Amino acid sequence: MGARILCVAEKPSIAKAVANHLGGSVPARNVPGLAWLKNYEFEYSFDPPWGRCNVVMTSVAGHLIKTEFDSRYRSWNSCNPAELFDAGLTKFVEGDNKAIAKNIETQARYCSKLFIWTDCDREGEYIGAEIRDVARKIKPGIEVMRAKFSNIERAHIIQAARRPIPLDEKQANAVAARIELDLRTGSSFTRLQTQSLKPIIDHVQDVGIISYGSCQFPTLGFVVDRYFRVKNFKPETFWSIKVMHKKDGVNVNFHWQRVHLFDRMVVVVLYERCLQTKTAKVTKMQRKPTSKWKPLPLTTVELQKMGSRFLRMDSQRVMKVAEELYQKGWISYPRTETDQFDRGMDLKAIIQRQTQDGTWGPFAQGLLSGSFNQPRSGRNNDQAHPPIHPVNYVTRDRLNDDEKRVYEFVVRRFLACCSEDAKGESTTVEVDYGGEDFHATGLIVLQRNYLDVYPYDKWESSQQLPPFTVGETFLPTEAKVTEGKTTPPGYLTEPELIALMDANGIGTDATMAEHIAKIKERAYVMTRPRGSGGATMDGVTDGDDEALGRGTRGGRGGRGRGRGGRGGATLGVRGRTTGVEELIPTTLGVALMEGYNTIGFETSLSKPFLRKEMELKLKAICAGTATKNDVVQESLEQYRAVFARTNQQMGMLKAAVRRYVLGENG
DNA sequence: GCAAGGTC
């Protein structure tokens, strides 16, 4: 018998899955101190030089080690917040992690090798380094390798076991830099803001701490930006030419190629030319096959957006429900950026498990009987997790309401991914009328395909166009100038905010929902159903405070909440959707963003620029073109400068708070 | 009483 080898995964579910693939059905052994932490012991023949080994497979649960300021800095009055930029840091294990670290130490004592099975992403690399450090303290000479895997399919795991690779120190260093920067900037600005601003608000409003974070502030910035776009919106009048022609009993509406113009005289002149020409001439008549593409494999961000849109849950709720479904083994790991399935993955086996369902079972059976299509591949792969998909079948009566809806969505999305695109035929007629181009389109849906299992997408046949032939001329039944007004955008909704955060690299798939919850908790923003407040209902022009919330701690209070007792399902002005939640900044949220914008724009803490720049620097560490130390020093220099300017110009911030929160002028 | 990132 060869060596003893300790394998450590990032979470218990991976430890269990890997143990079962490598060791057969291995019994779980309890670890003292934590009910859910298990060790799996088995024998396994690795490739040379390791050979046959006694394996102990266990896990951590995310990060193992906490980084904090030295104890002398922890009390808020212990120092000037500026000192936190270079205060000493300590690392320690706390809470449940003590039992986890103890388990690793106990096991490492008898092992000559440590094989790390954390997720193959940046954080996973750092967690791997944490595990290594804990093991090396007990056993300095232990050999350390890591497994490279991106899903827990059997063949893939076995392959990973055969080809261990070294830990990537560079990625771990990038995370170390992030941790240090977030801690120093977050704590220093939070203390500064709270100490300077809280006293002038406190007697009017119950605010807790006034926190700053590299993610929460840009998130708030998006909400406030949109608020001002709505508030400052000036409707503009535009004019357009509408042409209608009745043929074979069908009213065909032709749309102007120019859509609309903002100059009435120009539109009138063009319109008169049309009338002078009298007849319109068909310049193009085209029928062509068209299709509506099936959705991409499901990522976390997409799940959150769809949750807000179709499942009536905010992103945090969706994630909580998805987490529970995952824990119970019904769906795969819900935190993933990957929108492509591995070619080797046995998708049909997953479909098979859904054939027993009364609702979508027949559709799933249809896929197995021949209509299966390989899912589309998106552009993202986090190399750590596959797209979210159902794992096992569960009957509806074993799930609560929210779980039912999320599970059903995940299943339908997966089945849709494995189907064929919807097919149809589009018809386009283009006419020249007085030198202006107009067009009408028609659509016939021929094969619904994936749409049959995926009701979240809509694609319906329009009225069929009567036949036209190129060269044909006709005198339009009606032609007129129409007038309209541009309408303001709505306040930001959660799916829009998530999309903005995603596009700007604010937060990760696992944390975006938390940042949104955080700015609500801090009373920087509040939510309300679209249409329930003055601004959207009455056309945006009402007074300052009508739309702005006056938040108190916990994000409650404030005007505009549940006005008129129409329940959540207020009719929105835009009509299409009811019960869409909008995010409205509170006076405090606006004051903070305005205050920082006054102090300096490019480096404003309210903008995503600084966080984006930091992200690029972290990537540079991973690529080996920068060191952790360079990046930390450079970034701290930047933030120190912002901190100094904020301190100097605290008057600006205070003035913004007085203006918005206290309603004082000037 | 502070952050953001893992995860239970």
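Every value quoted in this text rests on a predicted model; they were computed, and no experiment measured them. Excluded from the calculations below are hydrogen atoms, water molecules and symmetry mates; all remaining heavy atoms, backbone and side chain alike, are included. Sequence lines set the chain letters: A, B, ... in the order given, protein chains first and strands last, and positions in each chain run from 1.
- Atom NZ of A/K91 is separated from atom C1' of B/dA3 by 16 Å (rounded to the nearest Å).
- Picking from B/dA4, B/dG6, B/dT7 the nucleotide with the shortest atom distance to the side chain of A/E514 gives B/dT7.
- In this structure, the ring of A/Y596 has its center less than 6.0 angstrom from the ring center of A/F217.
- Remark: ring of A/Y212 not stacked against base of B/dA3; the cut-offs of centroid gap under 5.5 Å and plane tilt under 30° are not jointly satisfied.
- When ring centroids are compared, A/Y333 and A/H385 come within the 6.0 Å threshold.
- The A/L183 side chain lies nearest to B/dA3 when the options are B/dG1, B/dA3, B/dG5.
- Rounded to an integer number of Å, the gap from A/Q193 CD to B/dG1 C1' is 14 Å.
- For A/Y126 and B/dA3, the OH to P distance is 18 Å, given to the nearest whole Å.
- Out of B/dG6, B/dA4, B/dC2, the shortest distance to the side chain of A/Q216 is found at B/dA4.
- Here A/G507 lies in heavy-atom contact (under 4.0 Å) with sugar-phosphate atoms only.
- Within the 4.0 angstrom heavy-atom criterion, only backbone atoms of the sugar-phosphate kind lie near A/Y333; the bases stay farther away.
- Residue contacts shown for A/E68 include a base, since a base heavy atom lies under 4.0 Å away.
- Residues A/R611 and A/I100 each lie close to DNA chain B; by heavy-atom proximity, the contact nearer the 5' end of the strand is made by A/R611.
- The A/T194 side chain lies nearest to B/dG1 when the options are B/dG1, B/dT7, B/dA4.
- Out of B/dC8, B/dT7, B/dG5, the shortest distance to the side chain of A/D96 is found at B/dC8.
- Using a 4.0 Å cut-off between charged side-chain N and carboxylate O, A/E180 and A/R184 make a salt bridge.
- The distance between the ring centers of A/F643 and A/Y212 does not fall below 6.0 angstrom.
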